[in-house]
Asks: 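One structure is given below, represented as structure tokens, and several questions about it will come after.
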Amino acid sequence: MTDARIVPTTAPVGAVVENVDLSAELDDPTFAQIETAYANHAVLVFRDQLLTPERLIAFTQRFGDIERYARHHYAHPDHPELLLISNIVEDGRNIGLADAGATWHTDMSYVKIPPRGSILYAREIPYLQGQPLGDTLFASTAAAYDDLSPATKDLLENRRTTHSYEGKHARRAALGKSNRKPLSAAEREALPPTDHPVIRTHAQTGRKCIYVVDGECDGITGLPDAEATSILADLAARCTRPDYTYRHRWRVNDVVMWDNCLVQHLAIQDYALPERRLLWRTTITGTVPS
Ligand code: SIN
């Protein structure tokens, strides 16, 4: 028995964890309760947390190793484990990644071992007339799987699709949602396309989820190209249905963590300077999707 309370949202994902202070070391029963809630609800929200970088790092490490982000120039200057997500410009350059999450996605599905999840800590939030902007949406890929017909589930069992980093950024650029330069030959070589199961099994609970990202996947093993393209578009659209979605409205000092198998997420970019948005992000190492 612990003092923590898990209060589910009305969406198929998300729960608010109350009565937990992440600035202190969590005892084992409280951590076990949070681990279970993370597996069951996929997105956890902790309000009013006062954390140093060290405490955010220590909390993240309870779930596994921290994965460092390839773009070092957006890391926190004193804590490379923290990625800065921000629209703030200092000395003529963005201090953080400004276009993170601009289209629905699951983090880094283009690598062989995508991260288990990520944790965001809100430091500055943009406002318009007293209302926060820059919400983040999380949609249940498990609910999307559950609602597939038995015939589609059978058809997709044990099939794989290819995820590509280049595809992701080409798509965001085409939608006007990224100003990143096209990949250099060295980057392309370092991040080749990789394939994963179309239907992924959650490592902790065994729940099945659709693991297809809109515009970032190509082909399905054993199916003709035209059929695969149409199925992939349908699966991606199912994953982000509004009725499967929790919308997080940020407050400063919120900590939000999500599971990259059980949800996809989208950052709403409806704000601009002088309204500033700054989040610290840590990323938890995952396992090979199966
Ligand atoms: C992300 O996709 O990691 C960023 C989400 C956000 O900025 O809300």
Side-chain angles (χ1 to χ4, degrees), residues 9 11 13-14 38 42-47 49 56 60 63 66-76 81-89 94-111 114-128 131-141 163 165 168-169 171-173 175 177-180 211 213-216 236 239-240 245-273 275-286:
T9 68
V13 288
Y38 183 38
V43 179
L44 296 183
V45 176
F46 305 79
R47 300 281 194 189
Q49 300 294 323
L56 180 59
T60 308
F63 297 91
I66 292 190
E67 201 155 288
R68 295 193 187 191
Y69 195 68
R71 293 159 78 102
H72 302 294
H73 46 289
Y74 293 137
H76 186 292
E81 300 91 339
L82 301 187
L83 171 70
L84 303 184
I85 301 216
S86 186
N87 65 338
I88 300 170
V89 176
N94 275 102
I95 65 161
L97 198 57
D99 65 355
T103 51
W104 279 106
H105 68 291
T106 166
D107 290 329
M108 297 171 66
S109 63
Y110 48 81
V111 299
R116 173 180 177 189
S118 293
I119 305 181
L120 287 178
Y121 181 39
R123 312 309 305 123
E124 296 187 56
I125 295 300
Y127 285 87
L128 178 68
Q131 295 302 313
L133 300 174
D135 294 356
T136 308
L137 275 58
F138 298 93
S140 173
T141 55
H163 295 240
Y165 180 75
K168 175 190 202 87
H169 290 288
R171 176 160 176 277
R172 282 196 184 167
L175 293 171
K177 295 196 167 182
S178 170
N179 57 5
R180 292 188 204 178
Y211 198 58
V213 183
D214 191 21
E216 298 180 21
C239 281
T240 60
T245 300
Y246 163 67
R247 181 173 186 131
H248 185 69
R249 177 159 276 207
W250 289 96
R251 290 189 217 151
V252 170
N253 296 331
D254 280 354
V255 170
V256 174
M257 64 189 298
W258 67 86
D259 180 298
N260 277 315
C261 177
L262 294 168
V263 293
Q264 291 193 21
H265 59 287
L266 170 71
I268 303 291
Q269 300 197 319
D270 55 357
Y271 55 90
L273 290 172
E275 286 302 309
R276 294 160 52 114
R277 188 172 190 264
L278 171 63
L279 302 136
W280 295 348
R281 182 174 123 167
T282 51
T283 301
I284 310 161
T285 300

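In this chain, numbering begins with 1 at the start of the sequence shown. Just follow the structure's listing: the first ligand is 1, and inside any ligand the first atom is 1.
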Asks: What's the spacing between D270 CG and E275 CD if we round to 0.5 Å?
Replies: 11.0 Å
Asks: Please test L82 against L56 for side-chain contact (heavy atoms from CB on, under 4.5 Å), starting from the C-alpha separation and ending with a verdict.
Replies: CA-CA 9 Å; L82 301 187; L56 180 59; 3.8 Å; yes
Asks: Starting from atom 8 (O) of ligand 1, what is the nearest protein heavy atom, named by residue and atom, and what distance separates them?
Replies: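 Looking only at protein heavy atoms, the one closest to atom 8 (O) of ligand 1 is T136 OG1, 2.6 Å.
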Asks: If we only count heavy atoms from C-beta on, is the W250 to T136 side-chain gap below 4.5 Å?
Replies: yes
Asks: Angle between ring planes, Y246 versus H248, binned at 30° and 60°: parallel, tilted or perpendicular?
Replies: tilted
Asks: Counting from 1, what ligand 1 atoms have a heavy atom of I85 closer than 4.0 Å?
Replies: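 This gives 3 (O), 4 (C), 7 (O) as the contact atoms.
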Asks: Determine the sole option in F63, Y38, F138 for which the ring pair (Phe, Tyr, Trp, His ring centres under 6.0 Å) test with W258 is passed.
Replies: F138
Asks: Considering non-hydrogen atoms of the protein only, which is the closest contact for atom 7 (O) of ligand 1, and what is the distance?
Replies: R277 NH1, 2.8 Å
Asks: When you measure from atom 2 (O) of ligand 1 to every protein heavy atom, which one gives the shortest distance, and what is it?
Replies: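 The closest heavy atom on the protein side is H265 NE2, 2.9 Å.
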Asks: Parallel, tilted or perpendicular: which describes the rings of W280 and H76, with under 30° parallel and over 60° perpendicular?
Replies: perpendicular
Asks: Should you measure from each heavy atom of A267, which atoms of ligand 1 turn up under 4.0 Å away?
Replies: 5 (C), 6 (C), 7 (O), 8 (O)
Asks: Can you sort out which atoms of ligand 1 are near H105, meaning under 4.0 Å from one of its heavy atoms?
Replies: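 The atoms of ligand 1 under 4.0 Å from a heavy atom of H105 are 2 (O).
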Asks: Starting from atom 3 (O) of ligand 1, what is the nearest protein heavy atom, named by residue and atom, and what distance separates them?
Replies: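 Closest protein heavy atom to atom 3 (O) of ligand 1: R281 NH1, 2.6 Å.
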Asks: Within ligand 1, which atoms have a heavy atom of G101 less than 4.0 Å away?
Replies: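 With G101 as reference, the close atoms of ligand 1 come out as 2 (O).
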